[in-house]
Amino acid sequence: MRAMAERLGSDPEMWGITGLLHDLDFEETKDQPSQHGLKTAEILKARGIRDEIIEAIKAHNAEALGIDRKSDLDVAITCSECITGMVVATALVYPDKKVASVKASSIVKRMKQKEFARGVNRDHIRKCEQINIPLEEFADLSIKAMAKISDKLGL
Ligand SMILES: [Fe+2]
């Protein structure tokens with residue numbers, strides 16, 4: 001999310017925090033997809049967190065909540081959480097299991113293979129194009145950002 005903010009001239013701190021907080025209510029709502037994000041919104045609102053962050057957190061679950069994605073941040077959180085899954089899944093089939101070994105072109109290719117990492121939402125990944133980042137560039141940016149924290153990811 002920080003890398004996306006930098007790419008789009010937005011605020012890396014705010015976008016990074018949105019990424020960190022976006023699944024805050026996951027444990028509580030994992031069996032109730034229609035509540036996912038709403039609980040987090042309640043918690044963050046009570047703490048005075050700014051609306052843009054709260055809206056984006058709800059927007060990452062827009063389909064289940066019946067709302068639209070409006071801001072760049074709304075779209076970025078949606079496509080970013082999904083591309084990370086594709087990058088991890090691709091790294092894991094490499095001999096060295098390293099994110100740094102993954103190529104953007106491989107991500108694009110793997111996305112077309114329905115059976116590969118089938119839980120990863122391809123439509124959500126492609127939303128990067130709605131904020132004017134071509135898919136392969138988005139994959140490359142994501143790989144590089146993840147490779148920077150490879151020690152934390154263990155990949
Ligand atoms: Fe989520």
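Indexing begins at 1, ligand by ligand and atom by atom, following the structure's order. Every value quoted in this text rests on a predicted model; they were computed, and no experiment measured them.
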Item to check | NE2 (His60) to the Fe ion (ligand 1) to NE2 (His36) angle, given to the nearest 10 degrees | outcome: 90°
Checklist entry - Counting backbone and side-chain atoms alike, does Asp23 have an N/O/S atom under 2.8 Å from the Fe ion (ligand 1)? => result yes
Checklist entry - When you look at His22 and Asn61, which way does the side chain to side chain donor-acceptor pair (under 3.5 Å) test go after all the steps? => result CA-CA 10 Å; His22 85 285; Asn61 193 28; over 6 Å; no
Checklist entry - Below 2.8 Å, any N, O or S contact between His22 and the Fe ion (ligand 1)? => result no
Next on the checklist: Quick one, Glu129 and Cys79 - any side-chain contact, counting heavy atoms below 4.5 Å?
Outcome noted: no
Checklist entry - Are the aromatic rings of His124 and His60 close, with centres under 6.0 Å apart? => result no
Checklist entry - Can you tell if the side chain of Arg7 reaches within under 4.5 Å of the side chain of Glu137, non-hydrogen atoms only? => result yes
